[in-house]
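What follows is a short report on a single structure.
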Amino acid sequence: MKELIFWALALVMLGVATPIEHGDIHHFSLCPLANMGIDWCPGCGLGRSITQLLHGNFAESREHHWFGLPALLIIVYRIVELILLNIKAFKIKKEKRYV
């Protein structure tokens, strides 16, 4: 359940974030490499890419990171999978209660 809440909340936060233009260096980052002053990171721009996607800006999303769309699809798939697992677990728990 914690993982489901984490991924759902992450997408909500990315969805309500204000998209920034590609190349804007004045942004907050949780990236440990960026915070250590290292300029390049393989995941750099992924969150901004997903934010652009959630705002319907597909071209800008691709400029931030090419893996934004696949990452979003993977996260949405995982959320759906976790919802279905929780529903199944709830049904099993409910059936055991009546036995």
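Quick caveat, the model's predicted, so the values are computed rather than measured. Residue numbers start at 1 and run along the sequence shown.
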Euclidean distance, Met1 CE relative to Ile83 CD1, rounded to 0.5 Å: 9.5 Å
Beyond-backbone contact of Ser61 with His65, side-chain heavy atoms, under 4.5 angstrom: no
Close side-chain approach of Leu72 and Leu54, heavy atoms under 4.5 Å: yes
Residue pair Leu84 / Glu81, side-chain heavy-atom distance below 4.5 Å: no
Side-chain touch Ile75/Ile50, heavy atoms, less than 4.5 angstrom: yes
Atom pair CG/CG of Asn57 and Leu53 - distance to nearest 0.5 Å: 8.5 Å
Flag, side chain of His55 to backbone of Ala17, donor-acceptor distance under 3.5 Å: yes
Check ion pair Arg78-Glu3 (N to O, under 4.0 angstrom): yes
Rounded distance (nearest 0.5 Å) linking atom CG of Leu46 with atom CH2 of Trp66: 9.5 Å
Leu82 CG to Ile5 CD1 distance, which is reported to the nearest 0.5 Å: 10.5 Å
Connected via hydrophobic side-chain network under 4.5 Å: Trp7 and Ile87: yes
ILVMFWY cluster, Phe58 and Val76 together (side-chain gap under 4.5 Å): yes
Single-linkage hydrophobic cluster Leu73~Phe6, side-chain heavy atoms < 4.5 angstrom: yes
Same cluster (ILVMFWY, side-chain, under 4.5 Å), Tyr77 and Phe67: no
Polar side-chain atom of Thr51 near backbone of Leu14 as donor-acceptor pair, under 3.5 Å: yes
Side-chain (Ser49) to main-chain (Gly45) donor-acceptor, under 3.5 angstrom: no
